[in-house]
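Written out below as structure tokens is the structure these notes cover.
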Amino acid sequence: VCSLDQNRRQFLLGAGAAAAGLALTAVSSGLVPPASTQTQDTDSLQDASKNYVFVIDLNACDGCAKCTEACQAEMAVPPTSGGELEFEGKQPWIQVFKTDSGFIPVPCQNCQNAPCTKVCPVGATFYSDDHIVLIDQNRCIGCRYCIVACPYERRFFNWFDPPSTLDEQNTVYSPDYNVPHRKGVAEKCIWCRHRVAEGTVPACVDACRQAGMSALWFGDAAQGVVTNGQDVVSLSDLIKDRGAYKLNEELGTLPQVLYLPPKGESP
Amino acid sequence: MTEKRQDTQSIMALLKSHGARFYLFVGVLAAIVGWGLYAFYVEYVYGLGVTGDRLPVVWGLNVVNFVYFIAISMAGTIISGILRLSNADWRKPITRMAEAITVAALPIGALFPLLDLGRPERVLNLFLLARLQSPIAWDGIAIGTYIIASLIYFYLPLIPDLAACRDSLQAVSKLRRWLYTKLSLGWSGLAEQDKRLKGAIKIMAILVVPIAVSVHSVLSWVFSVTLRVEWHSTVFPIFFVMGAVYSGVATILIVMYAFRRFYHLELYLEVKHFLYLAYVFLAADLAMIYLTVSEYMTPSWGAETLDLQYLASITTGPYAAYFWFMIIGGFIIPAIVVSVPRARTIGLIVVAAVLANLGMWIERFLIIIPSLAVPQLSTPPGITYLPGLYTPSWVELSITFAGLAGFALLLVVLSRLVPIISLWEISEPEVSSAGPAMASAPVMSQAQETEGPKSP
């Protein structure tokens, strides 16, 4: 019995040492990417000073889809199928749908209880310091679970190797500005974090104002104001006067896009 | 006793010589697997776009097959584990086969999601960066545990037979003799060894049942924890567990029939084995009908917009043919066949089992694809959104057939490396009088015995 126990101890010790060795080798050989500085747990939401919101005025939207075009240019958005000819279009990160009463542009809802972020098996999708849902496409394995989980269908996928210009290829990739795009990973609207971090509005907001609609507004709810890139209005006034609502809010996803219903329609 | 010894020799003979037909069969299966590997290579080089997956149907046949193969791995647990625990003696000739199905189906099933990654070369991230909050990580842990447990459970009852191989197979290759010697762990049939082995088998038989239940439940949670229409349902875990029992038992019936026919195992696999299994099969079938009614009736009564869209798409829409085949061919006809005493022949039972397996494969398809195709945004009113379409490409189809061929290949190779019927168990005296007594089985004719079994 004694020798059996000793054998077991030796075996367990050996197995433990082997596992530790394996883990060490994996780390030292670079198999494990170093922890990204941007990767945040949902805990960090508590010490938030920023609370970005989109406000979308459905009364002002005429369905021109200039926002989609501007987005695709700004972010060098890949084709729907990443290069396959029969799918000519580019991924509509902000997509304009027709409705009974007009149109509705739908960007990423930037849920603060995001189903996509909850399901990721490798932590490739995460909240930035200022609570924007980003994707680390160097880490993403392409399982597409986040796409399946998103109730707003605001996630996309590069089915093929996306074409990229020389400029794009020379860009330094970062989850804040995920260019150049790559094969086999998830894509999404990231609220132009590279612009927002510098204090400007996302490209779609600028484009909408320049097209004369000003249906898209962006701002920091912590400061209580939103802007179309030029004018600044009070967020609480908009919510109160126009009866703002959110998409599928009952799902508990805490979306951060407020919709102002068209005149004469209650949400 | 001597008759049984002679009987066991006919199974041992399967391990000695493999005829040309065996190599031909293995060659064909290996070629299909090879073609599937080529399809995966194309997918790896060009990207997942070579499959039929497109937004919003981003999961296709690879995920269907993943669920399907993990489900049929239930065979070993349900038959072997539960019948062993309930001391049902009639199980003895079929436990090894059932356990082999588990051992063969699990790695094939576990491979499918890995073949379905956009970046297969980053597969290690799944382990190195595993995020335990993700249902995919739960799945990895559950399936990993299941694979290890079922390997141990396959191996333990194999030890006495490996010792028999070590002692009686002199003509086989050196490597195989070395393997038999090492893997039989010095088994000599001492009373103490026997006692310990049976204790260990019992522990594993108890363990594999909850492990299998957990695997199929966790597998269902991958779907049901999301907010998707149809998936977000509490019936899913039991639905998946029962579906696994149903397709697992059906798979044993088919595999049993194939081995009986090609290896001439009529002496061991009697009509009553098919009958008894058919009763289990019927019970699982009725449970599936009950759960299916429950699954579809609940949302149709509540009549939420998206639920109705989903139900319309499967009952009258583009997937109606599959749905009604599943209901009638996959559930109702098998139930009738097995319920009517005159229809309960081996041939018809196996036909019912094949129908059940087709139905269960379609069921996985209907769970995954039409649900993903339903547009999730239903507000504001009138929002127009094209429903998704999915047509599998040659790539997924090739990988599907390669999976089936790989499963058959693993089974056939296993059946030529180790006795496919547990020799030491069928040689043991019966402990209960309920099961069919092997001693009363008709003895194989001398002519058949010397002729030996034919190769497949």
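Letters A, B, ... mirror the listed sequences (proteins, then strands); counts begin at 1.
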- Query: Closest heavy-atom contact between A/Tyr145 and B/Trp221?
  - Reply: OH-O, 4.1 Å

- Applying a strict 4.5 Å limit to non-hydrogen atoms, the region of A/Pro151 in contact with chain B is both

- Item | Distance, nearest 0.5 Å, that separates CZ of A/Arg154 from CG of B/Leu377 | 7.0 Å

- Should A/Tyr152 and B/Gln376 count as side-chain neighbours, where that means a heavy-atom distance under 4.5 Å? no

- For A/Trp217, what residues pass the side chain to side chain donor-acceptor pair (under 3.5 Å) criterion, not counting sequence neighbours? none

- Note on the structure: Cut-off 4.5 Å, heavy atoms of chain A, and the answer for B/Trp231 is side chain

- Message: So which residue, B/Gly140, B/Pro113, B/Ser134, ends up with the most heavy-atom pairs under 4.5 Å with chain A?
- Response: B/Ser134

- Note on the structure: Most heavy-atom pairs under 4.5 Å with chain A, out of B/Leu117, B/Val63, B/Asp116, B/Val58, belong to B/Val58

- If every non-hydrogen atom of A/Ile147 is compared with every non-hydrogen atom of B/Leu55, which pair is closest and at what distance? CG2-CD2, 3.5 Å

- chain A contacts, top residue of B/Val57, B/Leu126, B/Leu114, B/Thr51 (heavy-atom pairs, under 4.5 Å): B/Leu126

- Task: Specify which of B/Val222, B/Val123, B/Val225 makes the most heavy-atom pairs with chain A at under 4.5 Å.
- Result: B/Val222

- So which of B/Thr226, B/Leu132, B/Asp139, B/Ile136 has the largest heavy-atom pair count under 4.5 angstrom toward chain A? B/Ile136

- Task: Using non-hydrogen atoms and a 4.5 Å limit, figure out which bit of A/Ile104 sits close to chain B: side chain, backbone, both or neither.
- Result: side chain

- Okay, A/Phe156 and chain B: the region with an atom under 4.5 Å from a heavy atom over there is both

- Nearest heavy atoms of B/Pro56 and A/Glu153, plus distance in Å: CB-OE1, 3.9 Å

- A/Lys118 portion near chain B, given a 4.5 angstrom heavy-atom threshold: backbone

- Item | Interatomic spacing from OG1 in A/Thr80 to CZ in B/Arg54 - rounded to 0.5 Å | 9.5 Å

- What are the two closest non-hydrogen atoms of B/Arg119 and A/Lys183, and how far apart are they? NH1-O, 2.7 Å

- Considering non-hydrogen atoms only, spot the tightest contact between B/Val50 and A/Phe160 and give its length. N-CZ, 3.7 Å

- With rounding to the nearest 0.5 Å, note down the distance linking SG in A/Cys140 to CG in B/Leu129. 11.5 Å

- Highest number of heavy-atom pairs under 4.5 Å with chain A among B/Val229, B/Leu227, B/Leu372, B/Asp53 belongs to B/Asp53

